[in-house]
Colleague: 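One structure coming up, written as structure tokens, with questions to follow.
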Amino acid sequence: MEQIEQLRQTLRQYEYEYHVLDNPSVPDAEYDRLMNELKNIEWQHPELITLDSPTQRVGAKPLAGFAQVIHKIPMLSLDNAFGDDDLDGFLRRIESYIHVSSSQLTFCCEPKLDGLAVSILYENGLLTRAATRGDGTTGEDITANIRTIRNIPLKLNTLNPPARLEVRGEVFMPQVGFNELNEKALAKGEKTFANPRNAAAGSLRQLDPKITRQRPLIFNAYGIGVYESDDELPNTQFERLQWLKSLGIPVNDEICLAQGRTALLAYYTDIQTKRPTLGYDIDGTVLKVNDIALQEQLGFISRSPRWAIAYKFPAQEQMTI
Ligand SMILES: NC(=O)n1nc(-c2ccco2)nc1N
């Protein structure tokens with residue numbers, strides 16, 4: 001591999017260790033030194049610049065507006081449960097639809113991240129397009145802004161990437177970063193955001209990627225949309241998320257499997273207990289039938305999947321800032 005690609009690969013590894021594993025193997029100064037070395041080489045040889053080079057995270061100039069993106073597979077919203085009886089209704093509907101006792105059903109349980117749902121498309125392993133959920137069918141092209149989010153890889157960490165992989169997940173802003181952003185805005189007499197979700201949405205809808213780049217945004221994947229490859233995807237939600245992780249895509253650490261009603265309720269309670277210590281906003285849990293074949297059998301009710309429910313926490317009394 002020629003020197004410049006070696007340099008890029010090293011920088012990608014360092015970015016992954018720092019922003020995805022939160023466990024850098026070299027000091028920041030070493031990362032900065034190599035990044036400047038790469039910038040110098042590309043400055044002298046612009047013809048060598050590639051879309052996936054670590055130097056290409058920040059778009060050149062502000063956009064005039066956002067192009068539209070049509071989601072080939074709709075990004076649907078989830079049906080909500082607000083109490084155990086809603087959960088029981090969800091479980092009974094599944095049982096009657098596929099004639100399986102819920103005590104035998106395994107669910108992939110995930111925290112419900114309170115940010116903005118996005119779709120990120122990788123073609124032959126390179127990040128080529130990203131979009132907001134929008135109304136589920138039509139979203140806004142926010143590729144330039146998504147590329148600035150440090151824990152999103154510009155290139156998948158695999159030697160034989162799928163021809164097409166659409167990763168779906170949530171972009172959110174941690175509470176510490178949110179508070180710092182608002183303090184800075186106050187000090188500059190600029191508008192502040194009401195909550196981290198609005199701050200994340202506002203940061204992604206910036207026309208200037210240089211502004212988005214300065215915002216403390218994090219991405220966590222929770223699903224797959226379009227997929228084109230000679231290889232099959234894993235057969236369960238949980239294994240698909242592990243596979244995404246193996247490609248260098250960040251997945252939330254609180255995701256686990258639970259079988260039957262009691263284990264689901266235990267997960268819900270466990271996450272509710274952990275909630276104040278997570279460092280980012282969640283508004284409940286998302287409980288998904290783990291087996292993909294069963295998901296496909298269950299399908300969707302108009303706009304929401306029959307195979308998943310968002311079990312929300314009671315609305316928190318508004319925090320007085
Ligand atoms: N917001 C959030 O964390 N979500 N949202 C889903 C989802 C939405 C539709 C299918 O799955 N899953 C998770 N973890």
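First listed ligand is number 1; within each ligand, the first listed atom is number 1.
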Colleague: Is Asp88 salt-bridged to Arg261, going by a charged N under 4.0 Å from an acidic O?
Modeller: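 Looking at Arg261 together with Asp88, the answer is yes, because their closest N to O distance falls below 4.0 Å.
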
Colleague: Which Ile, Leu, Val, Met, Phe, Trp or Tyr residues join Ile73 in one cluster when any pair of side-chain heavy atoms under 4.5 Å counts as a link?
Modeller: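 Members alongside Ile73: Val226.
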
Colleague: Salt bridge check: are Glu42 and Arg8 linked by an N-O gap of less than 4.0 Å?
Modeller: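 A salt bridge links Glu42 with Arg8.
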
Colleague: Assess, by modelled atom type and distance only, whether the side chains of Thr212 and Gln206 contain a donor and an acceptor separated by less than 3.5 Å.
Modeller: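 Absent: no donor and acceptor within the cut-off.
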
Colleague: Please identify each residue that fulfils ring-ring contact (aromatic ring centres under 6.0 Å, His included) with Phe313, with sequence neighbours left out.
Modeller: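 Per chain and number, Phe313 pairs via ring-ring contact (aromatic ring centres under 6.0 Å, His included) with Tyr268.
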
Colleague: Might you list the protein residues in contact with ligand 1, defined as having a heavy atom under 4.0 Å from one of its atoms, sorted by chain and number?
Modeller: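 Within the 4.0 Å shell of ligand 1, which is judged on heavy atoms, sit Leu76, Leu78, Glu110, Pro111, Lys112, Leu113, Glu170, Tyr222, Val286, Lys288.
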
Colleague: Going by side-chain heavy atoms closer than 4.5 Å, which hydrophobic residues are tied to Trp43, directly or by a chain of links?
Modeller: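 None; Trp43 is a cluster of one.
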
